[in-house]
Number of protein chains: 2
Amino acid sequence: MNYQIELRHFIYFLAVAEELHYRKAAEKLFISQPGLSTQIKQMEEILQTQLFVRDKKKVRLTPAGEFLKKEVEFILNHLDQTKKQLKLIGQGHMGEVRIGFLGSAMQNVVPNLLVGLKEKYPLVHTTLEELSNRAQVNAILSDRLDLGFVRMSRVPKGLEVKPVFEDTFSLVLPQGHPINMNNFNSIDQLANEDFILFSQDYSPEYYDTVLSICEDSGFVPKVSHKSVHAQTIFKLVENKLGIAIVPTTLQHGFQMDVKFIEMKRIKQRAVLSMVWKADNRNPALKNCMDLLLKL
Amino acid sequence: MNYQIELRHFIYFLAVAEELHYRKAAEKLFISQPGLSTQIKQMEEILQTQLFVRDKKKVRLTPAGEFLKKEVEFILNHLDQTKKQLKLIGQGHMGEVRIGFLGSAMQNVVPNLLVGLKEKYPLVHTTLEELSNRAQVNAILSDRLDLGFVRMSRVPKGLEVKPVFEDTFSLVLPQGHPINMNNFNSIDQLANEDFILFSQDYSPEYYDTVLSICEDSGFVPKVSHKSVHAQTIFKLVENKLGIAIVPTTLQHGFQMDVKFIEMKRIKQRAVLSMVWKADNRNPALKNCMDLLLKL
DNA sequence: ATTATTTAATAATTATGAATTATCAAATAG
DNA sequence: CTATTTGATAATTCATAATTATTAAATAAT
């Protein structure tokens with residue numbers, strides 16, 4: 001007596017509304033005619049509204065039925081769209097990946113990822129935010145980011161890391177500096193220079209790595225300036241306020257007048273890693289990471 | 001194995017998505033928790049998409065589930081609206097009534113109806129069309145009109161008529177005419193005048209009625225002009241091109257300079273009737289006619 | 001006029017699958 | 001370490017959709 005409308009009713013109703021003929025509609029639905037009759041009748045009872053007029057062998061829609069037909073068409077169509085989209089989202093072919101990164105990841109890793117994503121999963125959107133290592137880790141832990149690009153090897157419990165790009169280090173010297181590609185041999189030739197480094201709290205592990213390069217050559221560098229942005233560091237070097245050690249790929253993409261000397265022989269590498277939450281269920285993230293590892 | 005999504009699934013899904021707790025959701029739905037579990041699981045199978053993550057006592061939505069939640073909210077809400085509207089339409093409190101009318105019905109009957117409708121059924125819309133008697137009857141027979149306002153007493157099979165307004169007839173004379181309210185006695189005083197009447201094919205029965213007024217007084221009028229519009233008739237009288245006999249209510253609502261002499265004593269009346277199709281199932285029409293008879 | 005055909009509705013029955021009860025495994029709190 | 005709370009599973013019950021068989025009414029054909 002106290003039933004609820006179900007999608008089944010709508011599908012049956014639409015068939016009758018289209019055919020205006022119970023037997024034909026029942027055939028189309030692969031059910032029996034009496035079953036269809038009772039379901040439509042039940043539907044009219046539930047909605048407390050007559051939907052069809054059956055007089056003298058003819059089945060017609062009432063104005064209410066006419067109205068409902070349009071609405072049902074809309075609803076079923078919308079539902080179809082929703083199902084398709086839902087599947088795409090479930091497969092990670094649609095959705096959003098929230099990405100954090102250190103400025104230096106913008107040199108090649110992040111742009112390559114975005115291009116690849118756009119090509120393979122055009123319906124996956126990204127939001128991008130430049131953040132320090134620590135800020136990225138915190139954002140990922142509290143579910144405000146899906147993926148981070150950092151320079152660190154150990155991460156808090158619940159997160160995972162994986163290296164995605166390894167780079168050599170390069171010395172950055174002002175144009176007039178006596179050391180050049182030909183007479184450069186080891187970093188200890190520059191033991192007495194002022195050093196300009198990336199800020200320690202922005203990327204502690206990276207900072208330590210750079211220091212270790214000097215330590216391996218037997219000296220502790222004099223650090224005169226610290227900065228967050230590569231652009232700033234290059235400007236300082238250009239103005240002869242010190243020398244710097246940076247990942248080699250930073251050579252490209254900046255407007256500057258300095259010398260780059262790549263130090264291939266030292267063992268240290270500038271490693272960029274991706275970080276994510278182990279239990280992140282965003283399927284788009286999985287696809288995003290898989291893509292990244294293939295690039 | 002090969003089930004279909006039903007609205008039941010959506011309602012269950014929404015409860016779990018809101019509570020993020022199976023037992024609580026089940027209580028809210030007045031069903032058992034295992035039943036809810038299996039239905040949600042079935043839903044995920046049908047949609048081939050995981051909607052919830054259940055790990056370590058916590059229930060969370062996946063991105064796909066998050067998306068579906070919004071869509072389901074929309075769909076269920078839309079459905080609710082539709083049900084309400086459907087009921088209104090079924091009760092004739094909403095919808096459209098297509099009305100045809102003779103120009104003279106615009107004098108009071110149709111405007112009163114429209115005002116009454118707007119007040120009592122603000123959601124019932126009307127479309128209006130000025131048509132001859134015959135055109136209205138044809139339009140109603142072929143379902144292009146719901147209701148007509150005509151001057152005729154007999155209608156084709158399948159249609160019904162009912163008088164809605166009775167009016168006396170009035171003589172229309174030019175201002176300088178010797179006959180006036182005081183010295184008028186009978187229509188035969190005007191037996192030799194030229195008469196201007198409404199066109200015969202526009203309203204045959206009405207035409208015959210006017211002729212019968214003269215016949216009752218023992219003369220056949222000389223008809224010099226015929227017209228469809230009252231405005232035209234009045235202009236002709238004003239210019240002394242003849243005299244006319246029209247329904248008394250036409251005295252109001254026109255800009256003109258003529259004399260009206262109401263003929264209360266004659267038996268003829270100008271009867272305006274409504275016509276409709278006997279099997280018209282538009283509930284708004286029924287309400288419309290009921291309202292009209294109460295005015 | 002009579003019979004045959006086609007329509008949808010009704011009645012009785014069957015079959016499907018939703019919901020229930022009973023139970024379990026895992027995780028957490030006290 | 002026990003008690004409690006979580007959602008999932010299994011077996012069973014029950015509601016109800018669907019089927020078959022039939023009917024009444026309306027046309028169409030003879």
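Labels below follow one simple rule: chain letters A, B, ... track the order of the sequence lines, proteins then strands, and each chain is numbered from 1.
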I'd like to know if [X] and [Y] make a salt bridge, using a cut-off of under 4.0 Å between side-chain N and carboxylate O.
X	Y	value
B:K294	B:D290	no
A:R134	A:D201	no
B:R54	B:E44	yes
A:E19	A:K28	yes

By the 4.0 Å heavy-atom rule, please label [X] as base, sugar-phosphate, or nothing.
X	answer
A:K41	sugar-phosphate
A:Y12	sugar-phosphate
A:Q33	base

Using only side-chain N and O atoms of [X], determine if any of them is under 4.0 Å from OP1 or OP2 of [N].
X	N	value
A:R54	C:dA9	yes
B:R8	C:dA18	yes
A:H21	C:dA8	yes
A:S37	C:dA9	yes

Rounded off to whole Å, could you give me the [atom1]-to-[atom2] distance for the [X] and [N] pair?
X	N	atom1	atom2	result
A:L29	D:dA17	CG	P	15 Å
B:E27	D:dG7	CD	P	11 Å
A:Y22	D:dA18	OH	P	14 Å
A:L36	D:dA18	CG	C1'	11 Å
A:I31	C:dA15	CD1	P	18 Å
B:E45	C:dA18	CD	C1'	15 Å
A:E44	C:dA9	CD	C1'	13 Å
A:F52	C:dA9	CZ	P	10 Å

(Q) Reading DNA chain D from 5' onward, which residue's closest nucleotide shows up sooner: A:F30 or B:V59? (A) B:V59
**Q.** Pairwise 5' ranking along DNA chain D for B:G35 and A:Q42, keeping only the more 5' one
**A.**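 The residue whose closest nucleotide sits nearer the 5' end is B:G35.
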To the side chain of [X], which of [options] is closest?
X	options	value
A:T38	C:dG17, C:dT7, C:dT10	C:dT10
A:P34	D:dG7, C:dA9, D:dT9	C:dA9
A:S32	D:dA8, C:dA8, D:dT19	D:dT19
B:R23	D:dT6, D:dT19, D:dA17	D:dT6

Q) Less than 3.5 Å between a donor and an acceptor, one on the side chain of A:Q39 and one on the base of D:dA18, is that the case here? A) no
Q) Between B:H78 and A:F74, what is the ring plane arrangement, given parallel below 30°, perpendicular above 60°, and tilted in between? A) tilted
Q: Compute whether any side-chain donor of one residue and acceptor of the other, for B:E66 and B:T62, lie under 3.5 angstrom apart.
A: no
